[in-house]
Amino acid sequence: MSILITGGAGYLGSHCCVSFIERGYDVVVFDNLRNSNPEALRRIEAITGKMPKFEQGDVRDQAALETVLKRHDCDGVIHFAGLKAVGESSQDPLSYYDNNVIGTHRLLSAMSAVGTHRLIFSSSATVYGEPKSLPLTEEHSLNPVNPYGRTKLIVEDMLRDLAASNPAWRVGVLRYFNPVGAHSSGLLGEDPQGVPNNLMPFIAQVAVGRRKQLSVFGGDYPTRDGTGVRDYIHVVDLVEGHLRAYEKLSALGSSENCFSVNLGTGNGYSVLEMIRAFERGANQPIPFEIVARREGDVSEFYADTQKATEFLAWSAERDLDDMCSDTWNWVRKNPGGYKSASD
Ligand code: NAD
Ligand code: UFG
């Protein structure tokens with residue numbers, strides 16, 4: 001019951017550590033701390049009473065991964081480590097191909113070398129590209145429109161090819177919609193470096209006084225109030241989906257040894273609806289201004305959740321108010337993120 005969580009000190013990975021530790025797994029975190037703070041590991045211990053084992057390293061380092069997989073006798077891997085900023089991926093595509101594609105290739109090579117064949121991979125709804133129909137089912141065409149999304153699709157294809165080549169593999173590809181929220185303790189949450197790219201952390205930093213106002217990117221989309229619509233999912237629901245997916249791997253047959261599933265709620269909320277919900281949760285106004293559209297944004301997307309419900313027996317339980325109140329609780333208790341706690 002030992003599991004390696006790459007990127008386990010990051011936003012999603014740290015919450016995943018909590019769920020797997022609480023389920024009784026021995027968790028080993030492998031992270032180069034490029035976008036995270038070891039304080040998150042101490043917080044995991046504060047919540048669960050157990051510190052995950054920590055191996056600092058880079059997923060592009062195959063030898064280090066082989067050593068760690070063997071040292072801890074890992075049965076499987078949850079692979080979060082990678083870069084995730086859409087805009088940055090257009091400015092610096094080579095770093096994205098390096099960390100996301102080459103990093104995963106090295107990880108798979110290390111797993112092959114030591115005979116560990118169970119993997120859950122963090123993919124993204126961004127692999128679908130511009131939606132041709134809604135809700136997005138797993139059968140929707142895959143046509144990502146930015147380098148970040150293309151790195152996710154390349155890895156997905158690599159995983160499908162690998163699974164087809166060797167029946168020993170058991171692979172789950174999870175396509176996340178928009179993960180938000182924080183652990184209900186307020187000890188773990190999203191701690192972006194610099195100006196947040198994403199909506200929810202930006203709103204949270206406005207609420208806590210770190211930023212003056214939110215820019216709403218576009219008020220003229222063909223949606224119910226003109227602002228972009230997304231399927232926001234609570235991070236704790238998301239990581240519980242990983243537990244289900246990981247445990248499903250052992251039930252797979254050798255001829256169907258790779259699956260892809262959406263992790264979303266199936267509900268779309270507009271930017272203005274998110275602002276109103278956060279104002280309710282934090283009981284204070286969020287100043288905003290509607291500005292031009294952000295390049296590369298689509299107007300609306302949300303998940304078809306039928307496959308997750310039927311195949312994984314999983315569905316999201318937390319609603320928009322939980323997402324906002326947990327984010328507010330986290331940011332109120334940690335207005336400077338993990339940095340101030342670790343200084
Ligand atoms: P994050 O940046 O908080 O966590 C990623 C972690 O990986 C960080 O701790 C970072 O230090 C580590 N890392 C990065 N490159 C590494 C490398 N080469 N070697 C070792 N460690 C490395 O991001 P997150 O939001 O937790 O996202 C985790 C995964 O989920 C990513 O693969 C991301 O693409 C995917 N994803 C995230 C979202 C989202 O909105 N958060 C949506 C869809 C998919
Ligand atoms: N938005 C604003 N102002 C901001 C930030 C965002 O109005 O300051 C709007 C966007 O225009 C969009 C919505 O809020 O309409 C959500 O934007 P996010 O940046 O939070 O999320 P995206 O849907 O653009 O993308 C996110 C991740 C991607 C991932 C995708 C699906 O950044 O990596 O969800 O999982 F692929």
Side-chain angles (χ1 to χ4, degrees), residues 7 10-15 34-36 40 80 82-91 96 100 122-128 144-149 151-152 175-183 188-208 210-218 221 227-239 263-265 267-278 281-282 286 288-303 318 320 322-324 326-328 330-331 334-335 337-338:
Y11 171 44
L12 305 180
S14 58
H15 288 81
R34 168 186 180 132
N35 195 37
S36 49
F80 290 102
L83 306 185
K84 62 164 184 177
V86 174
E88 185 186 62
S89 76
S90 295
Q91 285 137 27
Y96 277 69
N100 295 2
S122 297
S123 190
S124 165
T126 201
V127 293
Y128 295 118
V145 295
N146 52 61
Y148 166 71
T151 66
K152 291 291 178 188
R175 296 183 183 142
Y176 311 155
F177 281 67
N178 288 56
V180 296
H183 192 267
L188 285 181
E190 188 169 9
D191 181 21
Q193 320 286 307
V195 182
N197 294 307
N198 298 117
L199 178 66
M200 193 64 143
F202 204 107
I203 292 179
Q205 292 195 3
V206 172
V208 84
R210 270 174 80 177
R211 312 213 172 257
K212 251 175 64 192
Q213 67 172 18
L214 171 76
S215 296
V216 174
F217 298 139
Y221 283 108
T227 66
V229 168
R230 297 288 182 276
D231 182 343
Y232 297 93
I233 173 169
H234 195 294
V235 60
V236 175
D237 281 327
L238 185 94
V239 299
L263 294 185
T265 66
N267 303 312
Y269 290 103
S270 74
V271 177
L272 295 183
E273 287 164 345
M274 294 301 286
I275 294 172
R276 300 296 171 229
F278 204 94
I286 304 293
F288 70 88
E289 181 190 7
I290 297 185
V291 300
R293 292 179 179 194
R294 181 171 66 178
E295 208 188 309
D297 271 353
V298 304
S299 61
E300 180 165 18
F301 63 83
Y302 47 90
R318 292 161 182 81
L320 190 54
D322 298 322
M323 300 178 209
C324 292
D326 287 339
T327 303
W328 174 234
W330 151 253
V331 80
N334 306 271
Y338 293 119

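The basis for the numbers below is simple: all heavy atoms, side chains too, and nothing from hydrogens, waters or symmetry mates.
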Test of understanding: with side-chain hydrogen bond (donor to acceptor under 3.5 Å, both in side chains), list the residues that count as partners of Glu300, not counting sequence neighbours. none
If you define the side chain from C-beta out and look only at heavy atoms, does anything of Asn100 sit under 4.5 Å from Lys84? no
Check whether any side-chain heavy atom of Phe301 sits under 4.5 Å from a side-chain heavy atom of Phe177, and report yes or no. yes
Minimum heavy-atom distance between Thr126 and Gly149, given as atom pair plus value: CG2-CA, 3.6 Å
Contacts of Glu289 meeting side-chain hydrogen bond (donor to acceptor under 3.5 Å, both in side chains) (sequence neighbours excluded), chain-then-number -> Gln213
Which atoms form the tightest heavy-atom contact between Trp328 and Ala207, and what is the distance? CZ3-CB, 3.7 Å
Gap separating the NZ atom of Lys152 from the CZ atom of Arg175, nearest 0.5 angstrom: 12.0 Å
Verdict with supporting geometry, Phe217 and Val291, side-chain contact (heavy atoms from CB on, under 4.5 Å): CA-CA 5 Å; Phe217 298 139; Val291 300; 3.7 Å; yes
Going by the rule side-chain hydrogen bond (donor to acceptor under 3.5 Å, both in side chains), which residues pair with Arg34 if we only count those two or more places apart in sequence or in a different chain? none
ring-ring contact (aromatic ring centres under 6.0 Å, His included) with Phe80: which residues, sequence neighbours excluded? His242
Within a strict 4.5 Å, meaning less than it, do heavy atoms of the Gln205 and Pro192 side chains meet? yes
Is there a side-chain contact (heavy atoms from CB on, under 4.5 Å) between Arg211 and Val195? Walk through the geometry before answering. CA-CA 9 Å; Arg211 312 213 172 257; Val195 182; 3.9 Å; yes
Using atom types as modelled, flag every donor-acceptor pair under 3.5 Å from a side chain in residues 230-237 to any protein atom, sequence neighbours excluded.
{"residue": "Arg230", "atom": "NH1", "partner": "Val298", "partner atom": "O", "Å": "3.2"}
{"residue": "Arg230", "atom": "NH2", "partner": "Val298", "partner atom": "O", "Å": "3.0"}
{"residue": "Asp231", "atom": "OD1", "partner": "Thr265", "partner atom": "N", "Å": "2.9"}
{"residue": "Asp231", "atom": "OD1", "partner": "Thr265", "partner atom": "OG1", "Å": "2.8"}
{"residue": "Asp231", "atom": "OD2", "partner": "Thr265", "partner atom": "N", "Å": "3.2"}
{"residue": "Asp231", "atom": "OD2", "partner": "Gly266", "partner atom": "N", "Å": "2.9"}
{"residue": "Asp231", "atom": "OD2", "partner": "Ala303", "partner atom": "N", "Å": "3.0"}
{"residue": "His234", "atom": "ND1", "partner": "Val236", "partner atom": "N", "Å": "3.0"}
{"residue": "His234", "atom": "NE2", "partner": "Asp326", "partner atom": "OD2", "Å": "2.8"}
{"residue": "Asp237", "atom": "OD1", "partner": "Glu317", "partner atom": "N", "Å": "3.1"}
{"residue": "Asp237", "atom": "OD1", "partner": "Arg318", "partner atom": "NH1", "Å": "2.6"}
{"residue": "Asp237", "atom": "OD2", "partner": "Glu317", "partner atom": "N", "Å": "3.0"}
{"residue": "Asp237", "atom": "OD2", "partner": "Arg318", "partner atom": "N", "Å": "2.7"}

Side-chain donor-acceptor distances from residues 196-204 under 3.5 Å, at least two apart:
none

By salt bridge (Lys or Arg N to Asp or Glu O under 4.0 Å), which residues pair with Arg293, not counting sequence neighbours? Asp220
Partners meeting ring-ring contact (aromatic ring centres under 6.0 Å, His included) with Tyr128 (sequence neighbours left out): His140
Would you say that more than 12 heavy atoms from the other residues, nucleotides or ligands in this model lie under 6.0 Å from the CD of Glu295, or not? no
Before giving the answer on side-chain contact (heavy atoms from CB on, under 4.5 Å), spell out for Tyr221 and Asp297 the whole-Å C-alpha distance, their side-chain angles and the decisive distance to 0.1 Å. CA-CA 10 Å; Tyr221 283 108; Asp297 271 353; 3.5 Å; yes
Residue pair Ser14 / Leu188: nearest heavy atoms and the distance that separates them: O-CD1, 3.7 Å
Report yes or no: do Glu88 and Tyr148 form a side-chain donor-acceptor pair below 3.5 Å? no
Contacts of Trp330 meeting ring-ring contact (aromatic ring centres under 6.0 Å, His included) (sequence neighbours excluded), chain-then-number -> Tyr338
Kindly say whether Val86 contributes a backbone atom to a donor-acceptor pair with the side chain of Tyr96 at under 3.5 angstrom? no
Can you name the side-chain contact (heavy atoms from CB on, under 4.5 Å) partners of Val216, sequence neighbours left out? Leu214, Thr227, Val271, Ile275, Phe288, Ile290
Do Pro179 and Leu12 have side chains that get closer than 4.5 Å, going by heavy atoms? yes
Taking only residues two or more places apart in sequence or in another chain, which ones pass ring-ring contact (aromatic ring centres under 6.0 Å, His included) with Tyr11? His15
Partners of Asn178 by side-chain hydrogen bond (donor to acceptor under 3.5 Å, both in side chains), sequence neighbours excluded? none
